[in-house]
Structure formats: C-alpha cells, structure tokens
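In the text below, chain A, chain B and the rest are named by the order of the sequence lines, each starting its count at 1.
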Amino acid sequence: MKALVQCFVYVGKIGDKYIAVLIDEKERVVSLSLPRGSEGVAVDEAKSLAPIELSFKFRSEMDPFIRRVGREVVEFIMSYLKGEEPKLTFKLNSDGLSSFTRKVLSVVSSIPRGFVTCYGCVAKVVGNQKASRAVGNALARNPWPIIIPCHRVVRGDLTLGGYRGGLELKRKLLRIEGVAVTPTGRVLPAHFLRTELLSELSQGSRKAF
DNA sequence: TCGACTATTTGTT
DNA sequence: AACAAATAGTCGA
C-alpha cells in the first residue's frame with residue numbers, strides 16, 4: 001500500500017520553460033520535472049515521477065517555507081544549467097522507492113561530474129549484472145532528474161541510451177559537464193567509468209538519502 | 001566495423 | 001502479463 005502524502009506544487013520558470021516541484025509538509029522534495037514548455041506538462045510530469053500517492057493542497061495555503069524550498073530547487077537547476085556546481089540546500093523525500101531503485105539512485109549519484117557509466121555497470125554494482133534493463137527502468141522514473149544525475153548513465157556501447165527529457169537534453173547536460181558527445185551520439189571512452197571504479201566511488205560517497 | 005535482428009533478463013505496474 | 005532509458009550474440013554487407 002502506498003502512503004498518502006500531502007503535497008504542495010511549486011512552479012518556477014527558467015527562461016521560457018516551466019519546472020514543477022512537489023514538496024511535502026516536512027519541506028522535502030518529493031519529485032520535480034525537467035524544464036518543460038508549459039506549466040501543465042511540467043506539473044503532470046512531476047506528479048507522474050512521485051513514487052507515492054499524493055494529495056494536494058491549494059497554492060494559497062503554501063507557506064513561505066515551502067515557497068523557499070521551491071525557489072531553492074529551481075535555483076539549483078538554473079545554476080546547474082549555467083555550468084556551476086550548486087550544493088543541495090534541501091532534503092529529498094525518498095518514501096515509496098523500492099530498495100532496488102534506492103540502491104540504483106544512490107550509485108548513480110556517486111558518478112562524478114565529467115564521467116559516465118553504463119546501465120550494466122550500475123546493475124553490477126547493485127548486485128545483479130543481468131539487471132541492466134531494470135536499471136534503465138528505475139532511472140526512467142528518477143523523481144529528481146538532474147539532481148540525481150541519471151543523464152550520466154549511457155549504454156554499454158557508448159551510445160546515449162534514453163532520456164525522459166529527450167536525447168538533446170541529455171547531450172546538453174553532458175556537454176555542460178565537459179563530456180564530449182559525437183554528432184552521431186557517442187560518448188568518448190575517456191569519460192567512461194568502469195564498474196570497479198564506480199563500485200569504489202559508490203562505497204565512499206555518503207548516502208544520498 | 002556497423003547496422004539489423006534475436007534471445008535473454010530484471011524490477012515495476 | 002506486459003513493459004522498458006539493456007546486453008550479448010549472430011549474420012550479412
């Protein structure tokens with residue numbers, strides 16, 4: 001049974017795009033959308049990425065603290081897209097995630113800026129080499145895109161794989177981080193993080209949640 | 001070497 | 001039971 005969580009919807013604007021952020025009563029971020037062309041699309045996406053059942057409060061009930069968190073999240077993304085390395089100033093609500101998804105997201109969050117790894121590598125680190133497809137599945141529903149850098153996971157043959165926000169955005173994000181992508185959509189081997197190294201890094205890194 | 005295609009595999013809905 | 005942001009393998013240009 002999914003828990004029912006009271007939630008606020010914050011919508012911010014980055015350039016001409018909208019980004020929706022779902023925030024619970026403990027001021028934790030439940031999920032967020034990628035920058036989208038319309039407010040409605042952004043909100044729908046954020047809702048669909050939340051792994052728990054939600055009930056929504058009206059915007060007018062949104063207290064200043066919730067609004068502050070919303071702004072912090074949008075500023076984080078904005079700063080990120082400018083090529084900066086913002087720090088997390090807010091908490092994530094990971095309730096409702098399966099233990100598998102939790103492990104996957106944790107490993108992915110330990111991939112350093114400027115590197116990529118592959119679905120199969122992540123699968124191996126979380127304990128089942130054959131679960132590469134399930135890893136893709138989990139990443140496709142990453143509740144915190146960009147913040148948890150699922151764009152740093154590509155296919156084992158160094159082609160890009162997929163991205164919820166489209167391959168153009170995946171390219172752009174990697175480029176911002178200094179990862180070269182060829183016109184045909186290949187990542188250079190120099191940026192590739194092998195399983196052993198990824199495993200080491202994920203052990204060393206503090207748990208994301 | 002590359003693309004097209006197949007069989008196999010896993011966690012989630 | 002069906003799906004998905006995969007992979008390793010084969011086969012024929």
So which heavy atom on Leu193(A) is nearest to which on Thr117(A), and how close? O-OG1, 3.0 Å
What one should report as the nearest heavy-atom pair of Gly37(A) and Lys17(A) is N-CD, 4.1 Å
Indicate, with a heavy-atom threshold strictly under 4.0 Å, whether Asp157(A) touches base, sugar-phosphate, or nothing. nothing
Euclidean distance, atom CZ of residue Arg155(A) to atom C1' of dA4(C) [Å, nearest integer]: 12 Å
Which value, in whole Å, describes the distance between the P atoms of nucleotides dA5(C) and dT8(B)? 22 Å
N-O pairing of Glu27(A) and Lys91(A) below 4.0 Å: no
Options dT10(B), dA5(C), dT13(B), nucleotide nearest the side-chain atoms of Leu139(A): dA5(C)
Specify the separation, in whole Å, of atom CG of Leu158(A) and atom P of dG3(B). 13 Å
Whole angstrom is fine here: how far is it from NZ in Lys103(A) over to C1' in dT10(B)? 13 Å
Anything below 3.5 Å on both distances counts as a pair; with that, list the stems of at least three consecutive Watson-Crick or G-U pairs involving DNA chain B. B:1-8 with C:6-13, B:10-13 with C:1-4
With a distance cut-off below 6.0 Å to the six-membered ring centre and an angular limit of 45° from the axis, does Arg152(A) pair with Phe192(A) as a cation-pi contact? no
Once you round it to whole Å, what is the distance between C1' of dG11(B) and CG of Leu97(A)? 13 Å
Distance, rounded to the nearest Å, where Gln129(A) contributes CD and dG11(B) contributes P: 14 Å
From the candidates dA4(C), dT7(C), dG11(B), the one with an atom nearest any side-chain atom of Cys118(A) is dT7(C)
Using modelled atom types and a 3.5 Å cut-off, is there a donor and acceptor pairing between side-chain atoms of Arg102(A) and backbone atoms of Ser94(A)? yes
Can you find an N or O donor on one side and an acceptor on the other, under 3.5 Å apart, linking the side chain of Tyr163(A) with the base of dA5(C)? no
Lys130(A) side chain: which of dT10(B), dA5(C), dG3(B) is closest? dT10(B)
Closest of dA5(C), dT13(B), dC3(C) to the Arg141(A) side chain is dT13(B)
CZ of Arg133(A) versus P of dA5(C): gap in Å, rounded? 8 Å
State whether Lys172(A) and Glu168(A) are salt-bridged, where the test is any N-O pair (Lys NZ or Arg NE/NH1/NH2 against Asp/Glu carboxylate O) under 4.0 Å. no
Between Glu39(A) and Lys13(A), does any NZ, NE, NH1 or NH2 come within less than 4.0 Å of an OD or OE carboxylate oxygen? no
Among the nucleotides dA5(C), dA4(C), dT7(C), which one has an atom lying closest to any side-chain atom of Ser132(A)? dT7(C)
Arg186(A) CZ to dT1(B) P, straight-line distance once rounded to whole Å: 11 Å
Which is true for Ala131(A) with a 4.0 Å heavy-atom rule: it touches a base, it touches only sugar-phosphate, or it touches nothing? sugar-phosphate
Could you work out which one of dG11(B), dT9(B), dA5(C) sits closest to the side chain of Phe100(A)? dG11(B)
Which atom names give the shortest non-hydrogen contact between Ile176(A) and Leu81(A), and what distance separates them? CD1-O, 3.5 Å
Closest approach to the side chain of Asn128(A), judged atom by atom: which nucleotide of dG11(B), dA5(C), dT13(B) is it? dG11(B)
Would you mind reading off the distance between Glu45(A) atom CD and dA5(C) atom P, rounded to a whole angstrom? 13 Å
